[in-house]
Peer 1: 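Shown below is the structure under consideration.
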Amino acid sequence: MRTQKRLILSLAFVGSAFLATSCKNPLAEMVKLAKDQEITVDPNPLELHGNKVDFKVSAKLPVKMMKKGTKYTLEFVYEPGDIENKQDMQPYSADAQKTGSVSFDGDKYYNQKEDPKTIANGTFGYQDKFEVGGLFLKGIASKGEGAKAKTKEFGPVRLKVKDGRFVKGVVTTCRLVKSPVDGLNPTQGESPFAYGDHNYSAPADEMQEIGVNFEKGSVNITPNTGNNKATMELIATLFKDSKMPAFDAAGTASHSPEGTETVNAGLAEGRAKALEMTFGEMLKKFKYTKEEVATYKFNFSKKVMGETLPEFSSLVDASGLSAEQKAEAKSIMNGDGDFVEKERKLQSKPYYNELMKSVYPQMRYAKVAIKKPGAAKSAAEMSALTKMIADGKKSATDLTEAEYLYAAANTPDLDEKVAILMLGQKAYGDSWKMNNNLGAALLDIALFKNDKSKAAPAIQALETSMSKKETGEAAYNLAMAYSMQGNKDKMEEYLQKASNLGNDGNPYVGKLINGAKGYLAIKAAGARDDGKYKEAEDVLGSAANTNPNLFNQGLAQLLQGVNYDAAIASFTSAEQKNSKDAMTKYALAIAYARKGNESQMSQKLKEACGLESGLKAKAIKDVEFDKYKSSNSFKDAIR
């Protein structure tokens with residue numbers, strides 16, 4: 001916190017009447033002793049918070065100054081303008097503002113042995129013309145009451161600090177507060193606007209198992225074997241009616257147990273290849289490109305003898321054999337010996353023909369499970385479908401509201417995003433979310449493509465959204481849109497509304513709204529220690545990490561006058577978000593000035609003025625830099 005500076009009143013009295021020092025004239029003696037009075041003002045320099053300037057004045061008089069029956073009043077007035085060259089003892093201008101007074105009663109203090117002391121509050125409403133100016137003082141000594149009262153006035157005179165500097169100017173740093181859209185970096189891709197969640201949840205993929213059967217010892221697919229004819233028709237339908245989604249399919253190829261293990265292993269391999277080739281032929285038939293063909297992959301598990309036993313047992317159990325025959329057949333196959341020997345034993349059984357008819361054919365297959373087309377659309381498929389809708393080839397309702405929102409959220413192209421949401425608006429115009437997200441997308445174009453003409457249609461879409469349902473998202477976006485149009489009152493109205501409505505369970509929107517709450521808390525502060533700056537600092541700690549939010553957090557820390565290192569850290573983070581933002585660098589210069597780091601102050605001020613030349617004039621008037629204004633480093637920074 002800034003250290004209070006003691007102010008010594010140097011009174012310049014003009015005219016012999018004021019120099020009278022007769023002991024018989026108590027007023028004259030009071031005037032004589034007044035030169036030793038001490039006046040303290042806190043803060044110094046004066047600070048603007050909200051729309052007014054508040055300060056405390058404490059005055060201490062020489063112990064013998066007050067006489068019985070006398071009163072002494074000090075009136076403080078703020079006079080705008082250049083006080084360096086203004087003369088004392090001149091009338092106040094029409095713009096001068098009375099700020100307060102302190103009074104002493106001689107009957108209370110005349111016989112005390114300690115210096116009379118009192119404290120009073122001073123205040124005045126701020127206007128821009130008061131940024132440059134200073135405190136003046138008028139002293140009034142009086143004796144008696146009513147018509148017989150005698151008074152002597154002196155002043156006005158300028159208040160000076162002990163080293164001779166005037167009490168001048170008003171710190172207006174609180175006015176640097178940024179709306180949550182000020183200082184955003186258009187080169188950063190993350191949108192600073194509030195989109196409603198798309199709430200899209202892809203339906204579970206529907207899997208289609210496709211299998212073909214083979215004749216004994218064959219790797220050729222023939223239409224009349226098993227259900228092969230229907231299977232071929234199904235494959236053709238899948239690839240013909242719509243673009244088959246790319247897949248990485250898992251499959252199985254197997255064989256019946258008769259024959260040698262070497263021969264059967266070759267059959268499993270050949271049958272897997274035969275099914276894969278069938279898919280390849282269909283892809284070529286329906287003119288899939290080479291690149292598209294490469295996206296369909298197969299991974300077959302080729303069963304060998306021992307791996308077929310569980311399947312053999314299961315099929316035997318499902319066959320028409322008797323219980324005794326089933327048990328015997330499974331015992332043979334699971335017993336000792338090689339598979340050729342086991343097969344000979346089964347061939348000697350009266351039920352072998354039943355095995356050849358109902359069990360073995362079902363073990364000669366190749367099958368694969370693939371995702372059915374259209375079950376769950378990818379973002380790319382949704383985007384392609386919106387183009388067909390735009391061309392009139394598909395109905396607008398062929399996509400659900402959630403699919404429109406999801407497709408828009410997953411395209412980096414802002415123009416495409418807007419186009420998708422405008423199509424969605426036609427189909428789902430009563431949706432608050434569709435209108436809100438369209439408004440947000442238009443604001444993205446206004447920001448990232450510097451096309452401020454998009455603010456007006458954005459406002460229209462957002463007002464429609466609010467008419468369907470009042471949400472924090474739409475209110476926040478409206479505030480940003482009005483900020484882009486320079487309508488500060490509307491911006492603050494909707495920031496307050498967004499703060500009241502909340503984030504509706506959307507975490508990122510909650511962070512954006514915390515930025516709004518921080519801005520409003522800074523605007524509501526009436527003093528550095530009334531808790532509002534601390535409130536802003538805390539809530540901005542949970543806000544979106546944007547330049548304006550980080551800047552405002554640093555500003556809240558700076559304005560509390562407690563932890564300048566924390567303010568510098570926050571401003572530095574804001575600078576990293578937008579290295580071309582002049583105001584962030586200007587605020588850093590102020591923080592370094594308050595900390596007494598002249599080299600960093602001048603460096604950041606120079607960078608700020610290099611980005612925005614208008615800050616040179618601001619720095620010259622800004623009392624934050626008063627103690628450096630005669631230094632070469634300051635002069636170089638604003639050159």
Side-chain angles (χ1 to χ4, degrees), residues 179-198 382-383 386-387 389-392 396-397 399 401-498 501 504 506 508-509 512-513 515-516 546 548:
S179 82
V181 78
D182 289 343
L184 290 172
N185 189 350
T187 64
Q188 294 180 344
E190 184 179 15
S191 172
F193 304 110
Y195 283 85
D197 281 336
H198 52 71
M382 293 179 196
S383 179
T386 61
K387 291 180 174 63
I389 293 170
D391 292 339
T397 55
L399 285 174
E401 177 189 356
E403 287 173 334
Y404 275 112
L405 296 172
Y406 179 79
N410 282 276
T411 177
D413 187 309
L414 293 177
D415 291 319
E416 182 182 4
K417 188 189 296 286
V418 168
I420 290 172
L421 292 167
M422 289 183 74
L423 288 173
Q425 187 190 45
K426 291 179 181 179
Y428 304 98
D430 287 335
S431 163
W432 75 264
K433 196 174 291 187
M434 191 69 72
N435 285 286
N436 173 76
N437 288 13
L438 174 58
L442 289 166
L443 291 178
D444 272 329
I445 291 179
L447 174 67
F448 292 112
K449 295 192 174 185
N450 195 29
D451 184 359
K452 297 300 187 287
S453 68
K454 292 295 188 290
I459 289 173
Q460 183 178 359
L462 294 166
E463 287 178 341
T464 300
S465 177
M466 289 288 280
S467 71
K468 305 302 178 184
K469 179 183 177 182
E470 290 197 343
T471 64
E473 288 94 325
Y476 180 87
N477 290 332
L478 274 168
M480 298 301 96
Y482 282 120
S483 178
M484 287 182 176
Q485 290 189 329
N487 191 332
K488 186 176 179 181
D489 291 340
K490 278 287 189 182
M491 177 197 74
E492 293 189 358
E493 173 190 339
Y494 278 100
L495 281 182
Q496 187 62 62
K497 185 166 285 190
L501 289 168
D504 197 27
N506 186 325
Y508 183 67
V509 174
L512 293 176
I513 291 177
T546 63

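The basis for the numbers below is simple: all heavy atoms, side chains too, and nothing from hydrogens, waters or symmetry mates.
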Peer 1: Is there a side-chain contact between P192 and L447, using heavy atoms and a 4.5 Å cut-off?
Peer 2: yes
Peer 1: So, using salt bridge (Lys or Arg N to Asp or Glu O under 4.0 Å) as the criterion, who are the partners of K468 when residues are at least two apart?
Peer 2: D430
Peer 1: What are the two closest heavy atoms between I459 and A481, and how far apart are they?
Peer 2: CG1-CB, 3.5 Å
Peer 1: Considering all heavy atoms of both residues, which atom of A475 and which atom of Y494 are nearest to each other, and what is their separation?
Peer 2: O-CB, 3.4 Å
Peer 1: How long is the straight-line distance from CE of M491 back to CE of M480, given to the nearest 0.5 Å?
Peer 2: 6.5 Å
Peer 1: Under the 3.5 angstrom rule, does the side chain of N435 hit a backbone N or O of G429 as a donor-acceptor pair?
Peer 2: yes
Peer 1: Heavy-atom distance under 4.5 Å between the side chains of P180 and L495, does that happen here?
Peer 2: yes
Peer 1: Verify, without hydrogens or angle tests, whether N477 (side chain) and A458 (backbone) share a donor-acceptor contact under 3.5 angstrom.
Peer 2: no
Peer 1: On a heavy-atom basis, which atom in P548 and which in L184 lie closest, and how many Å separate them?
Peer 2: CD-CD2, 3.7 Å
Peer 1: Please find the pair of heavy atoms, one from N506 and one from D197, that lie closest to each other, and give the distance.
Peer 2: ND2-OD1, 3.3 Å
Peer 1: Within a radius of less than 6.0 Å around CE of M466, do more than 12 heavy atoms belonging to other residues, nucleotides or ligands occur?
Peer 2: yes
Peer 1: Any salt bridge (Lys or Arg N to Asp or Glu O under 4.0 Å) involving residues 411-428? Give me the pairs, sequence neighbours left out, ordered by first then second residue.
Peer 2: K387-E416, D415-K449
Peer 1: Quick test of your reading: applying salt bridge (Lys or Arg N to Asp or Glu O under 4.0 Å), list the pairs with at least one residue in residues 451-461, sequence neighbours left out, ordered by first then second residue.
Peer 2: D451-K454
Peer 1: To the nearest 0.5 Å, how far apart are NZ in K469 and NZ in K433?
Peer 2: 8.0 Å
Peer 1: Return the set of residues passing salt bridge (Lys or Arg N to Asp or Glu O under 4.0 Å) with E403 (not counting sequence neighbours), or none when no residue passes.
Peer 2: K377
Peer 1: Measuring from N437:CG to I420:CD1, what's the distance to the nearest 0.5 Å?
Peer 2: 12.0 Å
Peer 1: In Å, rounded to the nearest 0.5 Å, how long is the span from OG1 of T464 to CD of Q460?
Peer 2: 6.0 Å
Peer 1: Do D504 and V509 make a side-chain contact, defined as non-hydrogen atoms from C-beta onward lying under 4.5 Å apart?
Peer 2: no
Peer 1: With heavy-atom distances below 4.5 Å as the criterion, would you say the side chains of L462 and L443 are in contact?
Peer 2: yes
Peer 1: Go through the structure and list residues passing side chain to side chain donor-acceptor pair (under 3.5 Å) with D444, not counting sequence neighbours.
Peer 2: S191, Y195
Peer 1: The criterion is side chain to side chain donor-acceptor pair (under 3.5 Å); which residues satisfy it with S179, sequence neighbours excluded?
Peer 2: D182, S483
Peer 1: Using a 4.5 Å cut-off on heavy atoms from C-beta on, say whether the side chain of W432 contacts that of E473.
Peer 2: yes
Peer 1: Which heavy atom of A396 sits nearest a heavy atom of I389, and at what distance?
Peer 2: CA-CG2, 3.7 Å
Peer 1: Working to the nearest 0.5 angstrom, can you tell me the gap between S465 OG and M434 CE?
Peer 2: 11.0 Å
Peer 1: For A194 and N436, work out which heavy atoms get closest and say how close.
Peer 2: O-ND2, 3.0 Å
Peer 1: Output the distance between atom OG1 (T386) and atom OH (Y404), rounded to the nearest 0.5 Å.
Peer 2: 7.5 Å
